Amino acid sequence: EVQLVESGGGLVQTGGSLRLSCAASGQAFDNYAIGWFRQVPGKEREAVSCINTRDASTYYADFVKGRFTISSDNAKNTVSLQMSKLKPEDTAVYYCVPIRLTLYHEIGCEAPVDYRGKGTLVTVSS
C-alpha cells in the first residue's frame, strides 16, 4: 500500500498563497489517483482536488476552482497543491489520500477511502 506524508501548511493572511506537498512511498505511485481533502472539527471531510497520476487529469471542487492548482511529479512521487487567493473558510487540516485508479475511474474524487494521514494545518487569518 502507498504511504503519504503531507507538508507545507501554515498561517497565511486572506488573499495569500501556500503550497502543500504530498510525498508518496510504497507501492507504484501511478496505480493511484491522489486526492487532497480537508476537514474542520465537527464537519465531514470534503474533497478539494484530485489528480490521476497516469494521465494528469484533474478534478476541483467548485469552491476552489480558479484558486487552487494540483500537480503531480511522478519522478519524485509527489503531488502538490498550490493554493492562492486563500479565504478564512479554507482553514482546515488538509490530507492527501491515495485512491486506486480502478475505484477512481468508477466513483471519482468522492470515492470513499479509509485512509488518514497526519495532515497539515492551513490557517487563513482575516
Side-chain angles (χ1 to χ4, degrees):
E1 185 172 315
V2 68
Q3 300 296 319
L4 304 178
V5 177
E6 307 93 341
S7 62
L11 174 64
V12 64
Q13 291 185 333
T14 296
S17 299
L18 278 176
R19 186 177 182 87
L20 306 184
S21 292
C22 175
S25 61
Q27 287 193 356
F29 185 64
D30 62 356
N31 285 342
Y32 295 86
I34 303 296
W36 282 99
F37 293 73
R38 69 188 188 186
Q39 190 168 24
V40 297
K43 292 189 175 182
E44 294 290 319
R45 186 175 73 174
E46 61 182 358
V48 175
S49 180
C50 286
I51 187 165
N52 180 327
T53 59
R54 284 206 182 165
D55 65 13
S57 57
T58 58
Y59 161 87
Y60 295 96
D62 286 343
F63 53 80
V64 302
K65 282 182 180 177
R67 301 189 298 123
F68 291 10
T69 302
I70 192 170
S71 60
S72 176
D73 184 339
N74 288 16
K76 296 181 178 179
N77 285 5
T78 60
V79 169
S80 297
L81 185 70
Q82 178 67 45
M83 307 186 296
S84 59
K85 301 177 184 178
L86 283 161
K87 306 174 182 179
E89 51 264 44
D90 294 318
T91 295
V93 178
Y94 285 71
Y95 302 90
C96 56
V97 175
I99 307 171
R100 288 193 179 274
L101 283 176
T102 49
L103 182 62
Y104 186 72
H105 289 319
E106 181 178 354
I107 299 178
C109 200
E110 300 290 344
V113 175
D114 185 19
Y115 181 94
R116 181 65 59 92
K118 291 184 178 180
T120 186
L121 176 62
V122 173
T123 304
V124 184
S125 63
S126 57

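Sequential numbering from 1 along the given sequence is applied to the chain's residues. The figures here come from the full heavy-atom set of this structure, side chains too, leaving out hydrogens, waters and symmetry mates. Everything quoted here is computed from the prediction, not taken from an experiment.
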What's the separation between atom [atom1] in [X] and atom [atom2] in [Y], rounded to the nearest 0.5 Å?
X: I34; Y: I51; atom1: CD1; atom2: CD1; answer: 9.5 Å
X: T102; Y: I107; atom1: OG1; atom2: CD1; answer: 9.5 Å
X: L121; Y: T123; atom1: CG; atom2: OG1; answer: 3.5 Å
X: L101; Y: D30; atom1: CG; atom2: CG; answer: 8.0 Å
X: F37; Y: I99; atom1: CZ; atom2: CD1; answer: 4.5 Å
X: L81; Y: F68; atom1: CG; atom2: CZ; answer: 6.0 Å

Checklist entry - If Ile, Leu, Val, Met, Phe, Trp and Tyr residues are connected whenever their side-chain heavy atoms lie under 4.5 Å apart, and connections chain through other members, are Y94 and V40 in the same group? => result no

Linking I/L/V/M/F/W/Y whenever their side-chain heavy atoms sit closer than 4.5 Å, directly or via other members, would L103 and V97 fall into one cluster? yes

Keeping [X] on the side-chain end and [Y] on the backbone end, is there a donor-acceptor pair under 3.5 Å?
X: T91; Y: V124; result: yes
X: S49; Y: Y59; result: yes
X: R38; Y: A92; result: no
X: S72; Y: V79; result: no
X: Y104; Y: E110; result: no

If you take all heavy atoms of [X] and [Y], which pair is closest and at what distance?
X: S126; Y: T14; result: CA-OG1, 3.4 Å
X: V2; Y: P98; result: CG1-CB, 3.3 Å
X: S80; Y: W36; result: C-NE1, 4.0 Å
X: Y95; Y: G117; result: CE2-O, 3.3 Å
X: L18; Y: G9; result: CD1-C, 4.4 Å

In V5, D73, L4, the residue satisfying side-chain contact (heavy atoms from CB on, under 4.5 Å) with T78 is D73

Side chain proximity check, [X] to [Y], heavy atoms < 4.5 angstrom:
X: M83; Y: V48; value: no
X: S7; Y: T120; value: no
X: L20; Y: V122; value: yes
X: S17; Y: Q82; value: yes

Residues 82-126 vs disulfide bond (SG atoms under 2.5 Å apart), sequence neighbours excluded, gives C22-C96, C50-C109

Requested in this report: Show your reasoning for whether side-chain contact (heavy atoms from CB on, under 4.5 Å) applies to K76 and S21.
Outcome: CA-CA 11 Å; K76 296 181 178 179; S21 292; over 6 Å; no

Would you check if there is a donor-acceptor pair between the side chains of R116 and Q39 at a distance under 3.5 Å?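 Their side chains do contain a donor-acceptor pair, which is all the 3.5 Å distance test asks for.
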
query: Judged by modelled atom types alone, do R54 and N74 share a side-chain donor-acceptor pair under 3.5 Å?
result: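 Per modelled atom types, R54 and N74 side chains form no pair under 3.5 Å.
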
Discussion item. Is it true that, when you exclude R67 itself, more than 12 heavy atoms of the residues, nucleotides or ligands shown sit nearer than 6.0 Å to its CZ?
Written reply: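 Correct, the count exceeds 12.
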
Between the side chains of E6 and K118, is the shortest nitrogen-to-carboxylate-oxygen separation below 4.0 Å, so that they form an ion pair?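 Between E6 and K118 there is no salt bridge, as every charged N stays at least 4.0 Å from the carboxylate O atoms.
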
Answer yes or no: is there an ion pair linking D90 with K87, defined by an N-O contact shorter than 4.0 Å?
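Not counted as a salt bridge, because no side-chain N and carboxylate O are separated by less than 4.0 Å.
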
May I have the step-by-step check of side-chain contact (heavy atoms from CB on, under 4.5 Å) for S125 and V12, ending in yes or no? CA-CA 6 Å; S125 63; V12 64; over 6 Å; no

